[in-house]
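These figures come from a predicted structure and were not determined experimentally.
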Amino acid sequence: MFSFHVPLFFFLAGITLKTNSTWMDFVKKKAKGLLIPYISFSFVSMAVYELMVAFLGIEEKLKFPRDLFVVLYGNSQSDIMKWNTPLWFLPCLFAVSLIIYLLEKVINKIFFWGAKIKNTYNYSVFGREHLLAWGI
């Protein structure tokens, strides 16, 4: 299941990612849209899990100082996030979105300066801006 659905969700999130805002606005928007629901659902899930422990007799109770850290850690691989394992996707998507934002800004700057250097070179050497095929 994970080999199709998770890459599809990341692909769709990447297609709809808009990086035309400032860094702080982007971080605030992503935190509001991904981290606040993540933390909220984590605490609701922890409460439901504790109710299940009390009423259904599940043997493993939550360890609150550790489990509060687990909410911040956001990793379900080691089976310590028992209360709602699929929530790992939200902080992961938040982190990947921030990385993609930074990469896109850096790559755009590299291409921008590369194009300026190429155009300056073409104009100074050949007296015109576009010399290569397809307007490169």
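Scanning both residues, Glu104 and Thr19, for their nearest heavy atoms gives OE2-OG1, 2.6 Å. Closest non-hydrogen pair, Pro91 versus Leu35, comes out as CA-CD2, 4.3 Å. Across all their heavy atoms, Pro37 and Lys32 have their closest contact at CD-O, 3.4 Å.
Other residues, nucleotides and ligands contribute more than 12 heavy atoms inside 6.0 Å of the CZ atom of Phe94. Other residues, nucleotides and ligands contribute only 12 or fewer heavy atoms inside 6.0 Å of the NZ atom of Lys29.
The structure places CG of Leu103 at 11.0 Å from CG of Leu98, a figure rounded to the nearest 0.5 Å.
A continuous path of Ile, Leu, Val, Met, Phe, Trp and Tyr side chains, each step under 4.5 Å between heavy atoms, connects Met24 with Ile100, placing both in one hydrophobic cluster. Linking ILVMFWY residues whenever their side-chain heavy atoms come closer than 4.5 Å, directly or via other members, leaves Ile36 and Trp88 in distinct clusters. Both Leu56 and Tyr49 sit in one connected hydrophobic cluster of ILVMFWY residues. Membership requires side-chain heavy atoms under 4.5 Å apart, directly or through other members. Follow the hydrophobic side-chain contacts under 4.5 Å out from Ile15 and you reach Leu8 in the same cluster.
By the side chain to side chain donor-acceptor pair (under 3.5 Å) test, Thr22 pairs with Asp25, sequence neighbours left out. Qualifying ring pair (Phe, Tyr, Trp, His ring centres under 6.0 Å) partners for Phe10, counting only residues two or more places apart in sequence or in other chains: Phe89. Residues forming a side chain to side chain contact (heavy atoms under 4.5 Å, CB included) with Leu102 (at least two apart in sequence, or on another chain): Trp23.
The backbone N or O of Val27 sits nowhere less than 3.5 Å from a side-chain atom of Tyr101 that would complete a donor-acceptor pair.
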